[in-house]
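Note sheet for the following structure.
Both backbone and side-chain heavy atoms feed into the values below; hydrogens, waters and symmetry mates do not.
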Amino acid sequence: MTFWFYDLVKFVLRLFFRLGFGLEVVGGEHVPRHGPFLVASNHVSYLDPPLVGAACPRRLRFMARKDLYDHRWLGAFLRGVHAIPLKRAEADLPAFRAALAALRSGSGVAIFPEGGRQLSGELGTARRGVGLLADAARVPVIPVFVQGSFQALPTGARRLHRAKIRIAFGEAIPYTNAPAPRRHERVAEAVTGAWRRLAHEAKGSRPIP
């Protein structure tokens with residue numbers, strides 16, 4: 001598997017977001033330098049996947065809606081960055097297995113465990129799937145809070161707006177901190193709690209109106 005296209009896209013996106021939106025990245029030291037990990041980010045805008053990918057110190061395998069692959073150029077792009085196709089409306093066992101295989105090979109995988117974009121722009125709640133995947137792969141979960149992307153590209157917008165964007169990586173949540181019988185739910189609850197703490201810490205960095 002080659003990554004030259006991923007690295008090129010990441011470089012271009014990071015430059016674009018820094019120059020156009022003053023991209024600020026904090027907490028990158030929480031991302032493991034080696035070994036597998038799972039990134040769990042909030043999701044309020046179509047900008048979130050490229051933002052998280054551009055901000056993360058390491059490469060990520062993203063879970064992307066399978067219907068997006070039906071678009072010729074977008075599908076080629078997603079395959080080029082090694083995204084994993086996902087059927088969101090149903091339990092997608094092949095996608096789960098692909099993500100699990102990526103983690104077991106030592107890669108980082110990024111998911112948006114709220115179950116889709118939060119169209120109101122408000123912070124949602126992580127679902128138990130994040131705990132299920134983390135537990136199956138025995139990997140730490142890195143919570144990520146994206147601030148400003150909704151202001152830059154809100155629901156229904158057809159163009160980008162000027163806004164300050166900030167990406168915060170939180171401390172790792174070890175899968176071992178989630179004892180049975182509710183271990184998957186406990187991980188999801190820990191992710192939601194970490195988002196809220198990161199959001200509270202980010203209150204001093206408000207988006208540009």
Side-chain angles (χ1 to χ4, degrees), residues 24-32 36-53 55-58 60-65 84 86 88-92 95-96 99-100 103 108-155 165-207:
E24 178 186 1
V25 180
V26 298
E29 68 275 8
H30 297 308
V31 177
F37 63 100
L38 186 62
V39 160
S41 174
N42 68 309
H43 193 15
V44 294
S45 169
Y46 286 129
L47 291 178
D48 297 333
L51 277 166
V52 173
C56 187
R58 287 179 56 190
L60 293 171
R61 299 283 304 278
F62 283 86
M63 308 283 280
R65 283 196 346 251
I84 299 169
L86 170 70
R88 274 196 335 202
E90 57 188 84
D92 191 342
F96 181 86
L100 187 58
L103 290 167
V109 170
I111 64 174
F112 296 92
E114 291 162 300
R117 281 183 305 137
Q118 303 302 291
L119 302 182
S120 66
E122 300 296 324
L123 186 62
T125 302
R127 299 184 180 183
R128 67 188 297 270
V130 62
L132 179 64
L133 186 54
D135 186 54
R138 300 292 193 270
V139 297
V141 180
I142 310 298
V144 175
F145 180 69
V146 181
Q147 179 193 26
S149 62
F150 186 79
Q151 288 73 22
L153 188 64
T155 304
I165 295 179
R166 184 176 186 268
I167 311 292
F169 293 85
E171 295 183 6
I173 301 169
Y175 72 91
T176 50
N177 279 0
R182 293 184 62 247
R183 55 184 177 270
H184 302 153
E185 289 83 353
R186 295 284 179 88
V187 170
E189 291 166 1
V191 168
T192 301
W195 285 343
R196 290 172 179 166
R197 288 191 297 273
L198 293 170
H200 179 74
E201 293 170 1
K203 284 184 177 179
S205 299
R206 297 191 179 277

Point to revise | Full working for side chain to side chain contact (heavy atoms under 4.5 Å, CB included) between D135 and V187 | key: CA-CA 9 Å; D135 186 54; V187 170; over 6 Å; no
Practice problem: Could you walk me through whether V109 and V139 pass side chain to side chain contact (heavy atoms under 4.5 Å, CB included), step by step? | Solution: CA-CA 10 Å; V109 170; V139 297; over 6 Å; no
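Considering all non-hydrogen atoms of both residues, G53 and L60 come closest at CA-CD1, 4.4 Å. Minimum interatomic distance between P113 and I111 (heavy atoms only, all atoms of both residues): CD-O, 3.4 Å. Here the shortest heavy-atom pairing between G124 and E114 reads N-OE2, 2.7 Å. Summarising the geometry of P36 relative to P140, their closest heavy-atom pair is O-CD, 3.7 Å, with the distance given to 0.1 Å. Summarising the geometry of A188 relative to V130, their closest heavy-atom pair is CA-CG1, 3.9 Å, with the distance given to 0.1 Å. The nearest pair of heavy atoms linking V141 to A134 is CG2-CB, 3.5 Å.
Taking the side chain to side chain contact (heavy atoms under 4.5 Å, CB included) definition, one finds that A199 meets it with F145, sequence neighbours left out. F112 is linked by a ring pair (Phe, Tyr, Trp, His ring centres under 6.0 Å) to H43, counting only residues two or more places apart in sequence or in another chain. Scanning for salt bridge (charged side-chain N to carboxylate O under 4.0 Å, His left out) contacts around R197 gives an empty result, with sequence neighbours left out. Scored by the side chain to side chain donor-acceptor pair (under 3.5 Å) test, R127 finds no partners at all (sequence neighbours excluded). Annotation: side chain to side chain contact (heavy atoms under 4.5 Å, CB included) contacts of F150 (sequence neighbours excluded): V44, P154, T155. E189 meets the side chain to side chain donor-acceptor pair (under 3.5 Å) test with R182; sequence neighbours excluded.
I142 has its side chain within reach of P32: a pair of non-hydrogen atoms, C-beta onward, lies under 4.5 Å apart. F169 has its side chain within reach of V25: a pair of non-hydrogen atoms, C-beta onward, lies under 4.5 Å apart. In this structure the side chain of L103 never reaches within 4.5 angstrom of the side chain of R138, judged on heavy atoms. Using a 4.5 Å cut-off on side-chain heavy atoms (C-beta onward), N42 and L198 make no contact.
Taking CG from L86 and CZ from F62, the interatomic distance works out to 13.5 Å, rounded to the nearest 0.5 Å. Distance check: L100 CG to L38 CG gives 10.5 Å after rounding to the nearest 0.5 Å. Atom-to-atom distance recorded for R166:CZ and L51:CG is 13.5 Å, nearest 0.5 angstrom. From C56, atom SG reaches atom CD1 of I167 across 10.5 Å, with rounding to the nearest 0.5 Å. Atom CD of Q147 sits about 11.5 Å away from atom CG of L123, to the nearest 0.5 Å. The distance from the CD1 atom of I165 to the OG atom of S45 is 7.5 Å, given to the nearest 0.5 Å.
Under a 3.5 Å cut-off, the side chain of T192 and the backbone N or O of A126 do form a donor-acceptor pair. Not one N or O on the side chain of R61 forms a donor-acceptor pair closer than 3.5 Å with the backbone of I84.
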